[in-house]
Peer 1: 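My questions will all concern the structure given below.
In each ligand, atom 1 is the first atom listed, and ligand 1 is the first ligand listed.
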Amino acid sequence: MSGAARRGVFIAFEGGEGAGKSTQARLLAEALRARGYEVDVTREPGGTPGAEAIRALLLDPPEGTSWGPQAEALLFAAARADHVAQRIRPALERGAWVLCDRFVDSSRAYQGGAGGLGDEAICRLHAFGSDGIRPDLTLLIVTDSEVARTRLLDRDGDTSDAIGGRSAAYHDQVAAAFQALAKADPDGFAVIDGEGSALEVQARIAAAVDRRFGSDLS
Ligand code: TYD
């Protein structure tokens, strides 16, 4: 990361829809705060006013608009560039823990993998937009699609956004792309079994975070 030294810890939560990422980010934040750490919980697309405005364009496009794959990838990268510059980088420079619900690996899995743009194109956009910043650890929460579907129905009913509402085949490709990314970078990823209660999953995450950072959560 360019600029001032990075002192905090950057963790991204990744996985398909309904994997429990937001709940787990919140639970990990509570555990860290209870130990006195400053924690910033944020999400993508979004996390700043500008990036939230781009989120609305992506997930609820103007009437009659269907973004092409390149425009979609550029909008995600633009939202991320603002989020990194305005929020993530300053928090890390202050020494905070940043817990981000989705980050660039979502673009790699959705737009690069399922969307067919390829990993290199997404990584180039990320290098340009956000200096290629990587999380210190990416927690990939894996659930079987039945569990995720039930959680989504509980959460969203039968409404879903422009990307969440894509075909099962698209979401299967997303899941496969995530698995491939984790396999290619075993130091950067921890694959977390997302089955069971939120507290069971939280215990797995706390153990993975302790292993990686020597924290004392579990
Ligand atoms: P979100 O509410 O974060 O997803 P979830 O349903 O998991 O809670 O919605 C974000 C949607 O945008 C989700 O369908 C994944 C998609 N997305 C991408 O396609 N590329 C990206 O880079 C990011 C960050 C999200």
Side-chain angles (χ1 to χ4, degrees), residues 10-27 41-48 50-61 66-84 87-88 98-119 121-130 132-135 138-145 147-178 181 192 194 198 201:
F10 182 15
I11 297 180
F13 291 73
E14 297 284 9
E17 331 275 310
K21 298 177 297 298
S22 337
T23 305
Q24 292 304 326
R26 191 168 40 74
L27 291 173
V41 182
T42 186
R43 68 165 180 185
E44 291 210 341
T48 61
E52 291 289 336
I54 297 174
R55 176 186 179 94
L57 287 174
L58 278 159
L59 301 186
D60 186 16
S66 165
W67 302 113
Q70 286 85 355
E72 181 178 295
L74 285 160
L75 286 168
F76 277 113
R80 184 163 300 123
D82 189 61
H83 189 207
V84 167
R87 182 162 176 174
I88 295 178
V98 174
L99 308 185
C100 193
D101 182 351
R102 298 191 180 279
F103 193 63
V104 67
D105 294 323
S106 277
S107 285
R108 298 171 78 195
Y110 284 77
Q111 285 67 50
L117 293 180
D119 198 42
I122 302 302
C123 291
R124 279 212 310 270
L125 288 184
H126 187 52
F128 175 71
S130 302
I133 181 177
R134 290 286 316 165
T138 299
L139 296 165
L140 175 60
I141 304 181
V142 178
T143 45
D144 97 25
S145 43
V147 171
R149 226 184 336 268
T150 309
R151 281 185 189 152
L152 272 184
L153 271 178
D154 287 349
R155 189 187 73 180
D156 298 346
D158 54 7
T159 62
S160 56
D161 60 57
I163 295 176
R166 288 179 183 163
S167 69
Y170 181 92
H171 290 289
D172 288 347
Q173 282 177 300
V174 168
F178 273 132
L181 292 174
I192 305 292
V201 179

Peer 1: Need the ligand 1 atom indices (1-based, order shown) with element for anything under 4.0 Å from a heavy-atom of G164.
Peer 2: 14 (O)

Peer 1: Determine whether I54 and P45 make a side-chain contact, defined as any pair of heavy atoms from C-beta on separated by less than 4.5 Å.
Peer 2: no

Peer 1: Between the side chains of T42 and H83, does any donor sit under 3.5 Å from an acceptor?
Peer 2: yes

Peer 1: Please identify which atoms of ligand 1 are closer than 4.0 Å to at least one heavy atom of L59.
Peer 2: 9 (O), 11 (C), 12 (O)

Peer 1: Hey, is R55 touching ligand 1 through its side chain, its backbone, both or neither, going by heavy atoms under 4.0 Å?
Peer 2: side chain

Peer 1: Could you tell me the residue and atom name of the protein heavy atom closest to atom 18 (C) of ligand 1, and the distance to it rounded to 0.1 Å?
Peer 2: F76 CZ, 3.2 Å

Peer 1: Only one of I88, V104, V84 forms a side chain to side chain contact (heavy atoms under 4.5 Å, CB included) with S130, so which one is it?
Peer 2: V84

Peer 1: On a heavy-atom basis, which atom in H171 and which in I163 lie closest, and how many Å separate them?
Peer 2: NE2-O, 3.4 Å

Peer 1: What residue and atom, counting heavy atoms only, is the protein's closest point to atom 8 (O) of ligand 1, and at what distance?
Peer 2: R155 NH1, 2.9 Å

Peer 1: Quick one: do D101 and R26 make a salt bridge, cutoff under 4.0 Å?
Peer 2: no

Peer 1: Sequence neighbours left out, what passes ring pair (Phe, Tyr, Trp, His ring centres under 6.0 Å) with F13? Give chain and number order.
Peer 2: none

Peer 1: Give me the residue, atom name and distance of the protein heavy atom closest to atom 13 (C) of ligand 1.
Peer 2: E17 OE2, 3.4 Å

Peer 1: Would you check the N or O atoms of S107, main chain and side chain alike, for any that come under 3.5 Å of an N or O of ligand 1?
Peer 2: yes

Peer 1: Looking at F103, I'd like to know if the NZ or CZ of R80 sits under 6.0 Å from its six-membered ring centre while staying within 45 degrees of the ring's axis.
Peer 2: yes

Peer 1: Determine, using heavy atoms of K21 and all atoms of ligand 1, whether some pair is separated by less than 4.0 Å.
Peer 2: yes

Peer 1: Does any N or O atom in Q111 lie less than 3.5 angstrom from one in ligand 1, N or O only?
Peer 2: yes

Peer 1: May I ask whether R80 has any heavy atom positioned less than 4.0 angstrom from an atom of ligand 1?
Peer 2: yes

Peer 1: Can you tell which of E72, R102, R166 makes a side chain to side chain donor-acceptor pair (under 3.5 Å) with Y110?
Peer 2: R102

Peer 1: For atom 3 (O) of ligand 1, what is the closest protein heavy atom, and at what distance to 0.1 Å?
Peer 2: R102 NE, 3.5 Å

Peer 1: Does any part of the side chain of L57, heavy atoms only, come nearer than 4.5 Å to the side chain of W67, both counted from C-beta?
Peer 2: yes

Peer 1: Under a 4.0 Å heavy-atom limit, does V104 contact ligand 1 with its side chain, its backbone, both, or neither?
Peer 2: neither

Peer 1: Show which atoms of ligand 1 fall inside a sub-4.0 Å distance from at least one heavy-atom site of I163.
Peer 2: 14 (O), 16 (C), 19 (O)

